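The structure appears below as C-alpha cells.
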Amino acid sequence: EGRRTTIQTTEMRCSQAGDLLRIDANLNNDSRSVKRIAYKFRWIDREGMRAWEEEPWKPLMMYDNSDLVINTIATTNKAVDYRLILRSEE
C-alpha cells in the first residue's frame, strides 16, 4: 500500500513557562485502526545527563486517521533539553 501505519511526531514546539521548559508535541496516526501507545518525556540537563527522575509511562489511545497534541512542562528548571519517547502498547 505504501502508506505508513505508525504513530509519528509531526511537530514539536518548545517555549519557556517561567524558568521551566514547556513542550507541545503533535502526534499523527494515519492508519485505519486505533493505536494504543504510551509516552514519556526524558529531561536533559546542560551536561547531557538526565535532569530529573524517569517519568512513568503515560498510556494513550489514538483513533484512526487522527491528530493529537501532548502538552507538558518540565519537572525541574535544570532541564535545558528533552526527549519524547513513544512505545507501542499493542
Side-chain angles (χ1 to χ4, degrees):
E1 181 176 350
R3 290 180 45 116
R4 73 173 200 270
T5 56
T6 58
I7 305 297
Q8 295 289 323
T9 305
T10 56
E11 186 176 1
M12 305 265 301
R13 291 173 303 285
C14 181
S15 61
Q16 290 290 130
D19 61 347
L20 300 174
L21 291 180
R22 174 188 161 83
I23 309 300
D24 297 321
N26 293 21
L27 302 179
N28 174 260
N29 175 13
D30 73 348
S31 73
R32 296 181 182 150
S33 60
V34 173
K35 299 289 184 183
R36 293 180 57 229
I37 65 168
Y39 73 93
K40 64 181 174 180
F41 285 88
R42 181 170 291 154
W43 302 103
I44 310 296
D45 68 15
R46 291 190 188 285
E47 286 77 39
M49 305 298 289
R50 290 183 186 173
W52 195 254
E53 297 174 17
E54 196 72 16
E55 287 189 358
W57 288 101
K58 298 170 189 75
L60 188 64
M61 186 179 324
M62 289 201 64
Y63 294 98
D64 52 319
N65 297 308
S66 68
D67 294 301
L68 186 70
V69 178
I70 298 171
N71 303 321
T72 193
I73 295 179
T75 52
T76 177
N77 62 0
K78 294 179 183 176
V80 297
D81 200 3
Y82 65 95
R83 303 290 180 271
L84 171 59
I85 305 166
L86 303 174
R87 76 173 182 193
S88 174
E89 293 288 298
E90 298 180 338

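In what follows, every heavy atom counts, from backbone to side chain, and hydrogens, waters and symmetry copies are set aside. Since the model is a prediction, treat every value here as computed from it, not as a measurement.
- Side-chain atoms of Asp45 and Arg50, non-hydrogen and from C-beta on, never get closer than 4.5 Å to each other.
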- Item | Glu11 vs Asp24, side-chain contact (heavy atoms from CB on, under 4.5 Å): CA-CA, chis, key distance, verdict | CA-CA 8 Å; Glu11 186 176 1; Asp24 297 321; over 6 Å; no
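- Rounded to the nearest 0.5 angstrom, Ser66 OG and Asp30 CG are separated by 9.5 Å.
- Among all heavy-atom pairs drawn from Ile44 and Ala51, the shortest one is C-CB, 3.9 Å.
- In the hydrophobic clustering of this structure, Met62 groups with Leu84; members are Ile, Leu, Val, Met, Phe, Trp, Tyr whose side-chain heavy atoms approach within less than 4.5 Å, directly or through other members.
- Here the CG atom belonging to Leu68 is positioned 8.0 Å from the CD1 atom belonging to Ile37, to the nearest 0.5 angstrom.
- Looking only at distances, a side-chain donor or acceptor of Glu55 sits under 3.5 Å from a matching main-chain atom of Phe41.
- Under the 3.5 Å distance criterion, the side-chain polar atoms of Asp19 are left unmatched by any main-chain donor or acceptor of Asn77.
- Separation of atoms CD1 (Ile23) and SG (Cys14) is listed at 3.5 Å; rounding is to 0.5 Å.
- Within a 6.0 Å radius of NZ in Lys78, no more than 12 heavy atoms belonging to other residues, nucleotides or ligands are found.
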- Go through the steps for Trp57 and Glu89 under the test side-chain contact (heavy atoms from CB on, under 4.5 Å), then give the verdict. CA-CA 11 Å; Trp57 288 101; Glu89 293 288 298; 5.7 Å; no
- Show the numbers, then the answer: is there a side-chain contact (heavy atoms from CB on, under 4.5 Å) between Leu27 and Leu86? CA-CA 10 Å; Leu27 302 179; Leu86 303 174; 4.2 Å; yes
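- Formation of a donor-acceptor pair under 3.5 Å by the Asn29 side chain with backbone atoms of Tyr63 is found in this model.
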- Verdict with reasoning, Leu20 to Trp43, per side-chain contact (heavy atoms from CB on, under 4.5 Å): CA-CA 11 Å; Leu20 300 174; Trp43 302 103; over 6 Å; no
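- Note that CE of Met12 and CD1 of Ile70 are 8.5 Å apart. Values are rounded to the nearest 0.5 Å.
- Thr72 contributes atom OG1, which lies 9.0 Å from atom CZ of Arg22 (distance to the nearest 0.5 angstrom).
- The heavy-atom pair separating Gln16 from Leu21 by the smallest distance is OE1-CD2, 3.2 Å.
- A distance of 8.5 Å separates CD in Glu53 from OG1 in Thr75, rounded to the nearest 0.5 Å.
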